[in-house]
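First comes the structure, then the notes that go with it.
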2 protein chains.
Amino acid sequence: MHTTDQKEILSLAYYDHEDKVLLAVDCIIFGFDQEELKILLVKRGFEPEKGKWSLIGGFLKKEEDLDIAAIRVLHHLTGLHDIYMEQLYTYSKVDRDPADRTLSVSYYALIDIRKHDKELIKKNSAQWFSLKDAPNLIFDHNAMVERAMTRLRRRALSKPIGFELLPEKFTMRQLQKLYEAIMGKKLDKRNFISKFNSFDILIKLDEKDMSSSKKGAYLYKFNEEKYNSKVEEGFNFKI
Amino acid sequence: MHTTDQKEILSLAYYDHEDKVLLAVDCIIFGFDQEELKILLVKRGFEPEKGKWSLIGGFLKKEEDLDIAAIRVLHHLTGLHDIYMEQLYTYSKVDRDPADRTLSVSYYALIDIRKHDKELIKKNSAQWFSLKDAPNLIFDHNAMVERAMTRLRRRALSKPIGFELLPEKFTMRQLQKLYEAIMGKKLDKRNFISKFNSFDILIKLDEKDMSSSKKGAYLYKFNEEKYNSKVEEGFNFKI
DNA sequence: ACAAAAGTGTTCTACCTACACCCATGC
DNA sequence: GCATGGGTGTAGGTAGAACACTTTTGT
């Protein structure tokens with residue numbers, strides 16, 4: 001590899017006359033509160049557009065790649081490590097940010113809504129909104145949220161990422177409610193459960209969750225090892 | 001909107017201490033030559049990695065957004081306008097380009113291989129390669145091609161983008177060969193044709209193509225208006 | 001005893017897959 | 001007349017969709 005000095009020399013030699021730009025990372029953070037999908041938004045504390053709602057973001061630093069920058073931003077707001085996260089799209093309209101030529105790479109993230117650090121969220125004047133009544137966002141952030149929603153819908157059909165939004169132990173009903181929220185439609189509980197059982201990637205526990213009924217509902221865990229080994233053998237998750 | 005002067009003032013005020021980076025656009029250009037998928041590569045004429053094969057690319061200019069930059073790069077190499085094109089992913093590893101900190105946004109493009117400007121290609125020392133025997137590429141360009149291929153496969157199943165790779169008039173056999181190339185497997189011709197006919201988005205012409213058989217094969221055109229109006233009514237293209 | 005959520009199977013339909021023969025023509 | 005690619009239909013299997021009643025238990 002090259003040292004910084006060498007790089008500067010090479011850069012001067014080869015790419016000297018090219019334009020440089022500011023690059024931001026913006027994160028769409030999804031959570032699920034047993035009934036609906038929510039996103040975490042911050043009230044902007046600086047100009048431009050101070051006081052308006054926006055996605056949480058930050059600028060890419062010289063020594064980071066984009067994934068690292070997104071992880072930093074997510075950690076800064078939620079206090080969480082090991083967040084499920086995926087790059088979405090790069091927004092580049094010349095006038096998207098009135099203050100300067102800034103491009104933004106969007107990421108979406110899935111977190112267990114009960115696990116975030118409430119103090120940090122307060123400190124950053126952030127707040128959870130259900131997707132239906134989220135406020136209007138600055139710049140092109142509304143479009144980012146829409147694209148994230150579309151991607152999440154597609155991904156959830158072909159990868160078992162839903163579990164990232166649930167607690168470790170969950171009931172079948174919670175899982176179904178989650179998929180209903182993601183897909184935006186009611187599902188038949190018998191079909192849903194037998195589909196999921198046919199995958200054989202859940203562990204049924206002896207415990208029951210008594211919080212939502214008198215009878216109680218069995219709790220399940222996602223068996224990630226089993227899922228991975230089934231994938232090795234050609235298994236294809238498909239809701 | 002703001003004038004450039006205002007922008008500079010705002011930028012100094014708000015984003016002054018952030019790092020700026022070079023941003024490139026790299027294009028995976030797909031073509032189809034009746035038998036297999038090909039990509040258009042250029043022999044790099046400048047350092048670093050001069051003389052090696054790479055995707056065609058260029059740096060984003062201050063006054064462009066990314067789509068415009070990609071269109072410029074594509075036009076520069078092929079002479080074509082109105083190319084089908086989609087943004088794929090942004091690559092950002094700190095050391096991906098040894099010369100300087102450069103990020104690259106990849107785009108893939110689909111063109112009718114017979115329509116490109118052969119002079120321009122020669123002038124840019126570019127060449128078509130079938131995917132199987134394409135040379136090793138510089139930086140992370142191999143990964144870009146792989147991601148493009150994955151995306152193309154998925155897209156081709158749910159959107160009728162295959163026609164972008166074919167001449168305006170084509171035979172059913174050509175269409176089938178194209179889908180076989182994209183999906184990497186043989187298809188049954190009866191099933192393929194009856195599936196496509198059930199969509200009812202092709203126009204069967206009275207002309208025949210006599211180049212590949214004595215009997216001749218009917219030529220078809222994609223009926224884009226009909227496709228669009230069917231989509232309006234809820235039709236879902238799904239191979 | 002009743003309210004409220006949990007749990008459980010079957011039938012019908014639609015789509016996908018596999019499969020084989022005749023046709024038209026140039027040589 | 002034969003070799004070459006073009007064109008066409010059907011039957012069986014599989015996966016998805018629709019659908020209703022019994023169980024448990026706290027109040």
Side-chain angles (χ1 to χ4, degrees), chain A residues 33-35 153-154 156-158 160 166-167 169-221 230 234-239, chain B residues 33-35 153 156-158 166-167 169-221 230 234-239:
Chain A
D33 74 347
Q34 315 283 312
E35 284 301 325
R153 264 196 207 112
R154 253 207 331 252
L157 295 179
S158 61
L166 291 174
K169 299 173 184 181
F170 49 86
T171 66
M172 278 296 191
R173 192 46 50 93
Q174 285 174 291
L175 188 61
Q176 186 186 341
K177 283 256 176 72
L178 170 63
Y179 275 87
E180 288 177 343
I182 292 175
M183 290 154 73
K185 65 176 184 197
K186 287 271 166 224
L187 301 172
D188 178 274
K189 68 177 168 176
R190 278 166 297 185
N191 292 339
F192 180 81
I193 289 173
S194 61
K195 168 81 67 87
F196 241 101
N197 281 338
S198 75
F199 295 157
D200 188 25
I201 54 173
L202 295 183
I203 301 167
K204 185 174 189 170
L205 304 176
D206 286 331
E207 293 173 73
K208 282 188 161 190
D209 169 84
M210 303 304 292
S211 66
S212 66
S213 77
K214 290 147 190 174
K215 188 178 176 183
Y218 280 107
L219 286 165
Y220 291 78
K221 281 167 74 171
K230 293 190 82 154
F235 168 69
N236 215 341
F237 182 90
K238 186 116 300 254
I239 291 276
Chain B
D33 74 347
Q34 314 284 310
E35 284 301 326
R153 264 196 207 111
L157 295 179
S158 62
L166 291 174
K169 301 173 183 180
F170 50 85
T171 66
M172 277 297 190
R173 192 48 49 95
Q174 286 174 291
L175 188 61
Q176 187 187 339
K177 283 255 178 71
L178 170 64
Y179 274 88
E180 288 178 343
I182 292 175
M183 288 154 74
K185 64 176 184 198
K186 288 269 165 228
L187 301 172
D188 179 274
K189 68 177 169 178
R190 277 168 296 188
N191 292 339
F192 181 81
I193 289 174
S194 63
K195 166 80 67 85
F196 241 101
N197 281 337
S198 76
F199 294 158
D200 188 26
I201 54 173
L202 295 182
I203 302 168
K204 184 176 191 171
L205 304 176
D206 286 329
E207 293 172 73
K208 283 189 162 191
D209 169 84
M210 303 305 293
S211 67
S212 67
S213 78
K214 289 147 192 176
K215 187 177 177 183
Y218 280 107
L219 288 165
Y220 291 78
K221 283 168 72 172
K230 292 190 83 156
F235 167 69
N236 216 342
F237 182 91
K238 188 116 298 251
I239 292 276

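We name chains A, B, ... by the order of the sequence lines, and we start the count at 1 in each one. Everything quoted here is computed from the prediction, not taken from an experiment.
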Rounded off to whole Å, could you give me the [atom1]-to-[atom2] distance for the [X] and [N] pair?
X: N197(B); N: dG7(D); atom1: CG; atom2: P; value: 11 Å
X: K204(B); N: dG6(D); atom1: NZ; atom2: P; value: 13 Å
X: D188(A); N: dT8(C); atom1: CG; atom2: P; value: 14 Å
X: K189(A); N: dT8(C); atom1: NZ; atom2: C1'; value: 9 Å
X: K208(A); N: dT23(D); atom1: NZ; atom2: P; value: 14 Å
X: N191(A); N: dT8(C); atom1: CG; atom2: P; value: 14 Å
X: F199(A); N: dA15(D); atom1: CZ; atom2: C1'; value: 11 Å
X: M172(B); N: dG5(D); atom1: CE; atom2: C1'; value: 16 Å

Seminar exercise, completed: In short, G216(B) meets M210(B) closest at the heavy-atom pair CA-SD, 3.5 Å
For this session: Check whether any side-chain heavy atom of L166(A) lies under 4.5 Å from a side-chain heavy atom of Y220(A), and answer yes or no.
Result: no
Exercise. Do F170(A) and L178(A) have side chains that get closer than 4.5 Å, going by heavy atoms?
Worked result: no
All N/O pairs under 3.5 Å across the protein-nucleotides 13-16 of chain C interface:
none

Seminar exercise, completed: Residues passing the ring-ring contact (aromatic ring centres under 6.0 Å, His included) test with Y218(B), sequence neighbours excluded, are none
Problem set entry | For Y179(A), all residues meeting ring-ring contact (aromatic ring centres under 6.0 Å, His included), sequence neighbours excluded | F192(A), F196(A)
For this session: Give, ordered by number, those residues of residues 209-219 of chain A having at least one heavy-atom distance below 4.0 Å to an atom of DNA chain C; if nothing qualifies, reply none.
Result: S212(A), S213(A), K215(A), G216(A), A217(A), Y218(A)
Problem set entry | R190(A) (side chain) and dA17(D) (base): donor-acceptor pair under 3.5 Å | no
Exercise. Counting only heavy atoms not in K230(B), do more than 12 sit closer than 6.0 Å to its NZ atom?
Worked result: yes
For this session: May I have the step-by-step check of side-chain contact (heavy atoms from CB on, under 4.5 Å) for D209(A) and K169(A), ending in yes or no?
Result: CA-CA 9 Å; D209(A) 169 84; K169(A) 299 173 184 181; over 6 Å; no
Problem set entry | Along DNA chain D (nearest heavy atom to each residue), the more 5'-positioned of R173(B) and K185(A) | R173(B)
For this session: Sort and list the pairs that fulfil salt bridge (charged side-chain N to carboxylate O under 4.0 Å, His left out) and have at least one residue in residues 185-199 of chain A, not counting sequence neighbours.
Result: E180(A)-K186(A)
Seminar exercise, completed: salt bridge (Lys or Arg N to Asp or Glu O under 4.0 Å) filter on K221(B), not counting sequence neighbours, yields E168(B)
